[in-house]
Amino acid sequence: MEKTPANIEIIEKYCKGCHICVEFCPTKVLEMKGFVASVKNLEACIKCMQCELRCPDFAIKVS
Amino acid sequence: MSFDYDKYIRPGKLPHIWCPGCGHGIVMKGLIRAIDTLGLQKNNTAIVSGIGCASRLPGYMDFCTLHTAHGRAAAFATGVKMAKPEMNVILVGGDGDGTAIGGNHFIHACRRNIDMTYIIMNNNIYGMTGGQFSPCTPTGAKASTTVYGNPDPAFDVAKLAIGAGATFVARGTAYHATQIDKLIAEAIQHKGFSVVEILDDCPTTYGRRNKFKSVIEMMNRLKDVAVPVKAAEKMTAEQLEGKILTGVLYKEERPNYTDEYAKVIERAKK
Ligand code: SF4
Ligand code: SF4
């Protein structure tokens, strides 16, 4: 895994609050903040891209 | 690196209409990644659909697109392919559109082995029209029209496609996102009629009626039920009970319709 810190962008106007990204993140980086997903623990991100791949709403970008 | 989906999506079309947690968006992303991998050109690729939630997909895609009559994607797509055999033609739709209303078009496209790829998003129900049961609703499941449980057995879409003559048949799930693009890319590359069934989730009209507490429960079911074909070879009949095979299920080489029709044209010219 790369050592450079991840950058996670959540496009709030696309997020429908389905929880998929939160649930299937292997290192529990994300949480729901009210209706939309938000980043809770960026340092834990291993850039596995699981959230970006599974978000049905094109609302997460990990780089 | 983040994947740039935006360059394949019509500007201003997102957010899409699909409900929270609906897998159709995951499938659309897989299709986009497959198109990107293969380097398909926008003006040489047609994406065709019938009616239904899944059939809204072409509207978001910045390609040549057709949103047609219910169940008729295969008929319109056949027209496109016959007029322009060099085009990549991709059909998308749901289980009701594809196996009930469009069942006839589906089996004959398989039989003809016309060189197109059909992505069926199977969420076991008619979502858009109000949760009526489809030919893919499991026995016993509840739909708005089977409130006491569905008495019918469900179609196995992959078996149906193989039986009708499709020459490439694969199955994936909305949970297994990384596999979707690979299956679709392989299907598009196959010369002949290829079918990719994606087991999908409809939390709104199926999940709620069938005791799924959340989208996550539906996703976990897809995760648990899927067994890759290779792994299944080493499993016993008991272990495979209630499981669904995923991966490339069938592949054969057989003359395809557009090539055969070109020969008919040659013969007629003599
Ligand atoms: S998967 Fe996408 S739509 Fe669902 S909560 Fe996460 S960011 Fe929002
Ligand atoms: S009704 Fe079902 S199939 Fe239609 S968009 Fe909502 S979740 Fe998806």
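Naming: A, B, ... by sequence-line order, numbering from 1 per chain. Just so it is clear, the structure is predicted and the values come from calculations on it, not from any experiment.
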Problem set entry | Other residues, nucleotides, ligands: >12 heavy atoms within 6.0 Å of Lys33(A) NZ | no

Exercise. Got a sec: does the CD of Gln41(B) have more than 12 other heavy atoms crowding it under 6.0 Å?
Worked result: no

Problem set entry | When Asp6(B), Ile9(B), Ile216(B), Val215(B) are compared by non-hydrogen pairs under 4.5 Å with chain A, the top option | Ile216(B)

Problem set entry | Taking every non-hydrogen atom, the tightest pair across Cys18(A) and Pro20(B) | CB-C, 3.9 Å

Problem set entry | Interatomic spacing from NZ in Lys61(A) to CE in Met1(B) - rounded to 0.5 Å | 10.0 Å

Problem set entry | Sidechain-backbone polar pair: Lys16(A) side chain, Cys22(B) backbone, donor-acceptor under 3.5 Å | no

Exercise. Does NZ belonging to Lys28(A) count more than 12 external heavy atoms closer than 6.0 Å?
Worked result: yes

Problem set entry | Option passing side-chain contact (heavy atoms from CB on, under 4.5 Å) with Leu53(A) (candidates Thr178(B), Ile26(B), Asp181(B)) | Thr178(B)

For this session: Among the options Glu52(A), Glu9(A), His19(A), Glu23(A), pick out the one with the most heavy-atom pairs lying under 4.5 Å from chain B.
Result: Glu52(A)

Exercise. Can you name the nearest heavy-atom pair linking His16(B) to Pro56(A), along with the distance?
Worked result: NE2-O, 2.7 Å

Problem set entry | Side chains of Tyr175(B) and Ile20(A) in contact at under 4.5 Å (non-hydrogen atoms) | no

Exercise. Is there side-chain contact between Phe58(A) and Met28(B), with at least one heavy-atom pair below 4.5 Å?
Worked result: yes

Exercise. When you look at CZ of Arg33(B), are more than 12 heavy atoms from neighbouring residues, nucleotides or ligands closer to it than 6.0 Å?
Worked result: yes

Problem set entry | Per-residue contact mode, Cys55(A) against chain B (heavy atom under 4.5 angstrom) | both

